[in-house]
Protein chains: 2
Amino acid sequence: MKKRLNKELVIRLIKYRRILNQLKSLGFERVFSNNLGDAIGVAPALVRKDFSLLFLGGNKRGGYNIDYLSEKLDAILGKAQNQKIIIMGMGKIGTALAQYKGFVQGGFEVAAGFDIDVSLPREVSIPVLPPEKMQDFVRENNIRVAVLTVPEDSAALCVKMLKEAGIQGILNFTPVEIKSTPTCFVHNINIAVEIENLFFQVIKNGAPPEDWETELPDEEGIWEEEEAENS
Amino acid sequence: MKKRLNKELVIRLIKYRRILNQLKSLGFERVFSNNLGDAIGVAPALVRKDFSLLFLGGNKRGGYNIDYLSEKLDAILGKAQNQKIIIMGMGKIGTALAQYKGFVQGGFEVAAGFDIDVSLPREVSIPVLPPEKMQDFVRENNIRVAVLTVPEDSAALCVKMLKEAGIQGILNFTPVEIKSTPTCFVHNINIAVEIENLFFQVIKNGAPPEDWETELPDEEGIWEEEEAENS
DNA sequence: ATTATATTGTGAAATACGGAACAACAAATG
DNA sequence: CATTTGTTGTTCCGTATTTCACAATATAAT
């Protein structure tokens, strides 16, 4: 039987590791599934199942050993230490991300930013280069992941350039939906859509999180009755 | 009756509407399920199913009428015009978001930003106020949605304040995982986790440089290729 | 008018995924 | 040592969601 390591699971693993490191630095040695579940917002059973799936064992009464888990997660996820990324588009958001402390804490280093206008004052410590230099930079520094924060109009072209340069992962903040390819994994974050989604959830009443029900225009709907129980 | 609109579906609907508006402004009148599917990165069948579920009909050969779809989606999603939001934490990212053009295009208005340090030069056109004034501001201006861009340490406290002020939706850029409640819907965007995830996908995909060796119990073949996918 | 063709609409199958329940068992207790 | 207790490991189950496959059918072509 083949288990599939789906994207959500990977994200959970990354979050587990985050929490484990925090706990470790606080001097804890053991942790229970419900602690981890609370911390990352999932059910304890799911935590156990995740670990079970990965053959990460705990102690039948003493919970999980933090060092052990942390080590194993590093082995599974890879230690993302001193990984270099670039930022394509040094506008407001790109510049802000260039100084984002979470990158340093996460073991990432922003190696350079690229922008058409190199002369703008940005007060960043990384080099800001023109886009033409991106491809060489990527190859010379063996960059594999890029953050895309250019204006919507330039998005498609930049993606093309990034892919040609050999970039294998893109975090896209552009409103343009970019598709992953076998050689380039893309994650789209569409801030305006997120906000719009929030407003939808909010407007349509008090906003239950996962379980959400909406009434459609009655004229259209011949909805069958279905009373829902709220968890 | 009530039909369950899950979060992913809502997001797709929002994206459909986005695309439809763009097509409309380009002068198109009709659109096919595969066009929309391509545009937002899902299968055509899913597009049809979504519309079918919402009783949005197309033409057996002529595709869907853009104006009609767009209208109906507005009715379902609500026209999010001139909705006001606030930004909690006017650091680099918060300040950048305060000027984010996508908000204006999406019909959102950043009404104010809040930060402990009001005196920093930020070159933004919105008022920047101290956190103590947030609750009054929210009540007086009937704000329902907030963006959270404070340092990790302050996150929990700020969430408490926001919830007490009556905020019903939070877009959280903090690394702290915040849970939704029945009265407050939260969406977490953890940039460092996203980057880490990208690195994992990239490394998994091949050409591992250094220490990346899967030394997991490979007996069963845990890793099965996951097709690249957008979010 | 007839035929061809493209596209929708949808029931059924496939998948994925989390939750609940509970047996197994290590540690604690006395 | 026996008993209690608490936590893991795992199986089963229900359900939500996506894809498949194809019938239905509107439009176009001749």
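This is a predicted model, so every value here is computed, not measured. Per chain, numbering begins at 1; letters A, B, ... match sequence-line order.
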Whole Å only: how far is the [atom1] atom of [X] from the [atom2] atom of [N]?
{"X": "A:Asp50", "N": "C:dG19", "atom1": "CG", "atom2": "C1'", "result": "13 Å"}
{"X": "B:Leu53", "N": "D:dT18", "atom1": "CG", "atom2": "P", "result": "11 Å"}
{"X": "B:Asp38", "N": "C:dT7", "atom1": "CG", "atom2": "P", "result": "13 Å"}
{"X": "A:Ile11", "N": "C:dC17", "atom1": "CD1", "atom2": "P", "result": "12 Å"}
{"X": "B:Asn35", "N": "C:dA6", "atom1": "CG", "atom2": "P", "result": "15 Å"}
{"X": "A:Leu13", "N": "C:dC17", "atom1": "CG", "atom2": "P", "result": "13 Å"}
{"X": "B:Asn34", "N": "C:dA6", "atom1": "CG", "atom2": "P", "result": "12 Å"}
{"X": "A:Lys49", "N": "C:dA21", "atom1": "NZ", "atom2": "C1'", "result": "12 Å"}

A:Glu196 bridged to B:Arg17 by N-O distance under 4.0 Å: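 Counted as a salt bridge, because a side-chain N and a carboxylate O are separated by less than 4.0 Å.
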Touch class at under 4.0 angstrom, heavy-atom based, for B:Tyr64 against every strand present: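 Counting heavy atoms under 4.0 Å across all strands, the contact made by B:Tyr64 is with sugar-phosphate only.
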B:Ser33 side chain near C:dT7 phosphate (N/O to OP1/OP2, under 4.0 Å):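 Looking at the OP1 and OP2 atoms of C:dT7, neither is under 4.0 Å from any side-chain N or O of B:Ser33.
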A:Arg12 side chain near C:dG18 phosphate (N/O to OP1/OP2, under 4.0 Å):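 It does, given that an N or O in the side chain of A:Arg12 lies less than 4.0 Å from OP1 or OP2 of C:dG18.
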Residues 156-165 of chain B, side-chain donor-acceptor partners within the protein, below 3.5 Å, at least two apart:
unit_1, atom_1, unit_2, atom_2, d
B:Lys160, NZ, B:Glu164, OE2, 3.4

Ring geometry between A:Phe103 and A:Phe108 (parallel below 30°, tilted from 30 to 60°, perpendicular above 60°):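 The rings of A:Phe108 and A:Phe103 stand perpendicular, inter-plane angle above 60°.
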Distances for protein N/O vs nucleotides 24-30 of chain C N/O pairs under 3.5 angstrom?
unit_1, atom_1, unit_2, atom_2, d
C:dA27, N3, A:Arg61, NH1, 2.7

Non-neighbouring partners of A:Asn197 that pass side chain to side chain donor-acceptor pair (under 3.5 Å), sequence neighbours left out: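 Counting only residues at least two positions away or on another chain, A:Asn197 forms a side chain to side chain donor-acceptor pair (under 3.5 Å) with A:Gln201.
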Interatomic distance, A:Arg144 atom CZ to A:Ile170 atom CD1 [nearest 0.5 angstrom]: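 That separation rounds to 14.5 Å.
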Between CG on residue B:Leu56 and CG on residue B:Asn65, distance to nearest 0.5 Å: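 Rounded to the nearest 0.5 Å, the CG-CG separation comes to 11.5 Å.
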Criterion side-chain contact (heavy atoms from CB on, under 4.5 Å) against B:Phe173, the qualifying member of B:Thr149, B:Ile87, B:Asn188: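 Only match with B:Phe173 under side-chain contact (heavy atoms from CB on, under 4.5 Å): B:Thr149.
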Out of D:dG9, D:dT18, D:dA21, whichever nucleotide has its closest atom nearest the side chain of B:Arg48: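 Comparing D:dG9, D:dT18, D:dA21 against the side chain of B:Arg48, the answer is D:dA21.
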Residue whose nearest DNA chain D nucleotide is more 5′ - B:Leu46 or A:Gly57: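 The 5'-side residue here is A:Gly57.
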